[in-house]
Amino acid sequence: MSPDTSDADRPAPRPDPTAGPVPEPPAAPPPDPFAGPLHGPPAHQPPPGPFAGPPPHPFGAPPAGPVPADPAPPERRPGRVAGVALGAAALVTALGVPLGLLWAAVAPDTPVVKTAEGAVYAQPQPEQPIAADGWFSLLGLGFGVLAALGLWVLLRRRRGPVGLLAGAAGGLGAALVAWQVGRRVGLSAYERLLATAPDGEAFTKPADLRAGGLHRLFDVLPLPYGNLLLPAFGAAVTYTLLAGWSRWPSLRPEPEPDLSWVHAAPAGAGPQVSSGPVDSPAPTAAPEPPAPGAAGSPRG
């Protein structure tokens, strides 16, 4: 048979009776119904080498020793929280005594004249009562701002609604105390002169409020109004601004994470993650042209 004969025309080979039975090929395993991209081998295998992939930790080796756990927030009990709020409000209210003394010292007295009907202003339109209201408003607003700052610093573990309520309630109480303390400075001497001085004698009346005071709701519940509300207003606004500018979501100081080991990884920690792609090699710079007259340069 010539070698040019095609495979279809060649006779089939006869089995050798001395060779024994021909082994059958192994059967293919049944398909796995759970095989898929999640259980099978990864579709892409990174090439071996120094750029095979990122290290086990993206910032190098983690610090030795146990990782400190996050501090547990302080336990909040309703009774204890209410006690802290009442104590802080009482402290701010007590500070109304020096506020009232300061207001009595800076507010001017009003000159009056004794008449048969009582004391009347020595001038038709005196400016002293207006100045007394202005001084009380300025001092009360500044007092509210300072009270909010103090509560923010002292009650750092209880920041939030507790500090806000303590500042507002304490500012309102301090305003009432300051008003009563300041208006009573020199009031006894004024009442004595008003009762014993002859008609036509001039003296002064202590500072008092005209743009603020108390009025009774339904003739039962006293409610403050006017510039008596300014300390509470200043405390509430300042505390709200401090809470809005806080960098901590809980408003309480939180420990900063220790990231010093990120910038100084120990030796042998493995390759660091680069900012570019992992599999792409670093770009090479273009070769510089040879200098004139260098060896091997072509000559004209």
Quiz item: Which pairs, with at least one residue in residues 203-218 and sequence neighbours excluded, count as a salt bridge (Lys or Arg N to Asp or Glu O under 4.0 Å)?
Solution: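 Those involving residues 203-218 are R183-D208.
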Quiz item: Going through the checks in order, is the side-chain contact (heavy atoms from CB on, under 4.5 Å) test met by L146 and F143?
Solution: CA-CA 5 Å; L146 295 179; F143 176 84; 5.9 Å; no
Measure across [X] and [Y] and return the closest heavy-atom pair with its distance rounded to 0.1 Å.
X: G171; Y: P231; result: O-CB, 3.4 Å
X: S137; Y: N227; result: OG-CB, 3.3 Å
X: L242; Y: A148; result: CD1-O, 4.2 Å
X: A174; Y: V92; result: CB-O, 3.5 Å
X: A166; Y: A88; result: CB-CB, 3.7 Å
X: P224; Y: L172; result: CG-CD1, 3.6 Å

Looking at [atom1] of [X] and [atom2] of [Y], how far apart are the two atoms once the value is rounded to the nearest 0.5 Å?
X: L86; Y: L91; atom1: CG; atom2: CG; answer: 12.5 Å
X: L223; Y: L228; atom1: CG; atom2: CG; answer: 11.5 Å
X: E201; Y: T196; atom1: CD; atom2: OG1; answer: 7.5 Å

Quiz item: Can you check whether G160's main-chain N or O pairs, donor with acceptor, with Y239's side chain at less than 3.5 Å?
Solution: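 Looks like yes, one N/O pair under 3.5 Å.
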Self-check item: Any donor-acceptor pair under 3.5 Å from K114 side chain to P198 backbone
Solution: no
Quiz item: What do the steps show when you test L164 against L151 for side-chain contact (heavy atoms from CB on, under 4.5 Å), and what is the final call?
Solution: CA-CA 9 Å; L164 180 61; L151 292 175; over 6 Å; no
Exercise. Evaluate the side-chain proximity of V120 to T115: yes if any heavy-atom separation is below 4.5 Å, no if none is.
Key: yes
Quiz item: Can you find a heavy atom in the side chain of Q128 that is under 4.5 Å from one in the side chain of P111?
Solution: yes
When hydrophobic residues are tied together by side-chain contacts of less than 4.5 Å, even through go-betweens, does [X] share a cluster with [Y]?
X: L141; Y: L139; value: no
X: W179; Y: W135; value: yes
X: L209; Y: L176; value: yes
X: V106; Y: F136; value: yes
X: F203; Y: Y121; value: yes

Practice problem: Check whether more than 12 heavy atoms from other residues, nucleotides or ligands sit under 6.0 Å from atom CD of E127, and answer yes or no. | Solution: no
Practice problem: Please check if atom CZ in F233 has more than 12 non-hydrogen atoms from other residues, nucleotides or ligands closer than 6.0 Å. | Solution: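 Incorrect, the count does not exceed 12.
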Practice problem: Please test V112 against T204 for side-chain contact (heavy atoms from CB on, under 4.5 Å), starting from the C-alpha separation and ending with a verdict. | Solution: CA-CA 6 Å; V112 297; T204 58; over 6 Å; no
Exercise. Test Y225 against L214 for side-chain contact (heavy atoms from CB on, under 4.5 Å), laying out the working first.
Key: CA-CA 6 Å; Y225 69 93; L214 292 174; 5.5 Å; no
Listing, residues 94-104 side-chain donor-acceptor contacts under 3.5 Å, not counting sequence neighbours, or none:
unit_1, atom_1, unit_2, atom_2, d
W103, NE1, A132, O, 3.0

